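Accompanying notes for the structure given below.
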Protein chains: 2
Amino acid sequence: MTSQHREPVTRDRIIDAALHIVDGQGLGRLTMRRLGDALEVEAMAIYHHLPRGKEELLDGLVAHVAVDPLSATAGGEWQDRLRGWAAGYRERLLEHSGVLPLLVTRRNPAALDGTTASVQEVLGRAGLREETAATGAHTLMGYLIGHAALEARGRALSEAGGPGGAIDWDLRFTGGLDVVLAGLAQS
Amino acid sequence: MTSQHREPVTRDRIIDAALHIVDGQGLGRLTMRRLGDALEVEAMAIYHHLPRGKEELLDGLVAHVAVDPLSATAGGEWQDRLRGWAAGYRERLLEHSGVLPLLVTRRNPAALDGTTASVQEVLGRAGLREETAATGAHTLMGYLIGHAALEARGRALSEAGGPGGAIDWDLRFTGGLDVVLAGLAQS
DNA sequence: ACCTGAACACCGTTCAAGT
DNA sequence: ACCTGAACACCGTTCAAGT
């Protein structure tokens with residue numbers, strides 16, 4: 001805290017600063033040079049903490065938005081547990097909607113596949129047979145990511161003065177989620 | 001066809017060449033200079049046909065993969081019509097999986113929103129009330145895009161020697177689609 | 001109308017050098 | 001160990017100029 005020394009540059013501070021840039025200015029404006037500026041350091045210093053460079057930086061952003069359903073608040077029916085997890089995940093994705101395109105890329109497989117496996121385990125514990133649980137996990141993850149993408153686009157467009165300002169996205173999301181859960185309970 | 005003149009550069013040829021680069025080398029390697037090379041022209045010539053530059057180019061790619069459910073082969077139950085449309089859309093998305101991240105961005109709203117509206121119309125004609133049809137359209141579009149993203153990632157990873165080579169993606173996709181359709185029919 | 005050449009303000013990354 | 005300066009091979013885009 002002595003004012004003559006700046007905060008040490010750490011992996012966590014780098015990811016945080018990068019997320020801040022993406023949230024405020026968009027993914028396209030996240031450059032190593034700008035990130036260095038935000039950390040009050042030359043861009044080249046970042047490579048000392050992230051040897052794989054920008055690739056590793058983007059992997060870190062993806063990992064940061066992931067939410068695991070097993071660690072989400074437990075209790076209640078499996079439908080309600082998944083509803084709680086989905087609500088949290090959706091919130092996170094919209095808060096950092098700039099990273100959404102990164103989820104769609106091959107990037108950081110562990111983050112997405114780990115979450116999918118956890119969803120499958122929740123469904124398995126609920127009594128669904130393995131193949132149904134696997135399909136259900138993919139369906140839920142697909143819906144979650146896809147709907148978040150549509151919602152992020154829709155919200156940004158209506159903010160920019162486009163049509164569709166009348167859409168109640170909360171209702172749309174929970175409504176669609178209920179459709180998927182109803183279909184799942186029945187299979 | 002006189003061999004001394006090369007093919008004239010048109011908007012369509014530019015989009016085609018760009019799609020070819022994205023499919024073969026990935027979105028990250030689509031540059032104006034490389035695109036110019038493919039067309040046997042200087043990169044700057046492209047701006048004459050696409051005044052908005054790379055932005056307009058990427059918009060064109062998104063529009064190219066869109067499939068409208070109203071123009072898809074008609075006939076039969078609405079579920080079967082949507083199944084046919086979804087199968088076609090999925091195929092297109094996987095064929096050009098490099099453009100998937102572009103769908104997630106704000107880019108070319110007309111392409112995605114138009115498709116969503118068409119899905120809603122199909123559901124509306126099928127007798128669902130308006131709010132249910134709207135939710136259903138978003139749910140289906142969300143599932144389609146999200147699942148395609150997961151599938152593209154999954155296929156690429158297992159090709160690269162990762163785990164999960166045992167997943168039957170066709171079965172996963174139709175299974176998940178049936179879950180959504182079953183939930184919809186019941187709402 | 002259609003294309004080129006040169007230029008501008010950027011990128012990510014490497015590498016030797018400093019402390 | 002941690003950071004910097006200079007350099008390299010790229011980007012997208014503008015603009016005047018050619019035909």
Side-chain angles (χ1 to χ4, degrees), chain A residues 1-62 98-99 101-102 105-108, chain B residues 1-62 98-99 101-102 105-108:
Chain A
M1 282 294 180
T2 49
S3 63
Q4 45 186 330
H5 293 95
R6 60 183 172 216
E7 291 283 308
V9 176
T10 62
R11 224 192 105 96
D12 280 355
R13 277 195 67 221
I14 295 173
I15 304 282
D16 264 29
L19 212 51
H20 191 256
I21 292 175
V22 172
D23 293 344
Q25 312 184 245
L27 187 61
R29 289 184 62 79
L30 174 62
T31 70
M32 300 301 270
R33 284 169 167 90
R34 235 187 298 267
L35 185 53
D37 278 354
L39 295 163
E40 298 187 271
V41 103
E42 293 298 316
M44 300 76 198
I46 298 169
Y47 289 83
H48 200 266
H49 302 270
L50 275 60
R52 275 178 37 248
K54 195 165 189 182
E55 199 76 11
E56 190 170 354
L57 177 66
L58 298 181
D59 283 357
L61 295 184
V62 172
V99 310
L102 299 179
T105 318
R106 195 169 331 184
R107 235 170 271 291
N108 202 354
Chain B
M1 283 294 177
T2 49
S3 63
Q4 43 186 333
H5 294 95
R6 58 182 173 219
E7 290 284 308
V9 176
T10 63
R11 224 193 106 96
D12 280 355
R13 276 194 68 218
I14 294 174
I15 304 284
D16 263 30
L19 212 51
H20 190 256
I21 292 175
V22 172
D23 293 344
Q25 311 183 246
L27 187 61
R29 290 184 62 79
L30 174 63
T31 70
M32 299 303 270
R33 284 168 166 91
R34 236 186 298 267
L35 185 53
D37 278 354
L39 295 162
E40 297 187 272
V41 104
E42 293 298 315
M44 301 76 197
I46 298 169
Y47 289 82
H48 200 266
H49 302 270
L50 274 59
R52 276 177 38 248
K54 194 165 189 182
E55 200 77 10
E56 191 170 353
L57 177 66
L58 299 181
D59 283 357
L61 295 184
V62 171
V99 311
L102 299 178
T105 318
R106 194 169 331 184
R107 232 169 274 290
N108 201 352

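Just so it is clear, the values below take in all heavy atoms, side chains as well, and ignore hydrogens, waters and symmetry mates. In the text below, chain A, chain B and the rest are named by the order of the sequence lines, each starting its count at 1. Computed from a prediction, not measured in an experiment: that's the story for all the values here.
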| Any ion pair linking B:Glu56 and B:Arg11 (charged N to carboxylate O, less than 4.0 Å)? | yes
Whole-Å distance, A:Glu42 CD to D:dA1 P, equals 22 Å
Whole-Å distance, A:Arg13 CZ to D:dC2 C1', equals 14 Å
Do B:His48 and B:Val9 have side-chain heavy atoms sitting under 4.5 Å apart?
no
d(A:Leu61 CG, A:Leu27 CG) to nearest 0.5 Å is 8.0 Å
Whether each nucleotide of nucleotides 12-19 of chain C has a protein heavy atom under 4.0 Å at its base (B), only at its sugar-phosphate (S) or at neither (-) is summarised, 5' to 3', as BBB-----
Tightest non-hydrogen contact, residues B:Arg52 and B:Asp59, listed as NH2-OD2, 2.8 Å
When rounded to whole Å, the CD1 to P distance for the pair A:Ile46 and C:dC11 reads 12 Å
To the nearest angstrom, the CG-P distance between A:Asp37 and C:dC10 comes to 12 Å
Here the helical stems involving DNA chain D, each at least 3 consecutive Watson-Crick or G-U pairs closer than 3.5 Å, sorted by first residue number, are C:4-8 with D:12-16, C:12-16 with D:4-8
Check: Are any of B:His49's side-chain N or O atoms less than 4.0 Å away from OP1 or OP2 of C:dC3?
Finding: yes
Can you check whether A:Glu7's main-chain N or O pairs, donor with acceptor, with A:Arg13's side chain at less than 3.5 Å?
-> yes
When rounded to whole Å, the CD to P distance for the pair B:Gln25 and D:dC10 reads 14 Å
Assess whether a salt bridge exists between B:Arg107 and B:Glu55, defined as any Lys/Arg side-chain N lying under 4.0 Å from an Asp/Glu carboxylate O. yes
For B:Leu50 and B:Ile14, the nearest pair of non-hydrogen atoms, with its separation, is CD1-CD1, 3.9 Å
Here the distance between atom P of C:dT4 and atom CG of B:Leu39, to the nearest Å, is 11 Å
One pair to check against side chain to side chain contact (heavy atoms under 4.5 Å, CB included): B:Thr105 and B:Val62. What are the steps and the verdict? CA-CA 10 Å; B:Thr105 318; B:Val62 171; over 6 Å; no
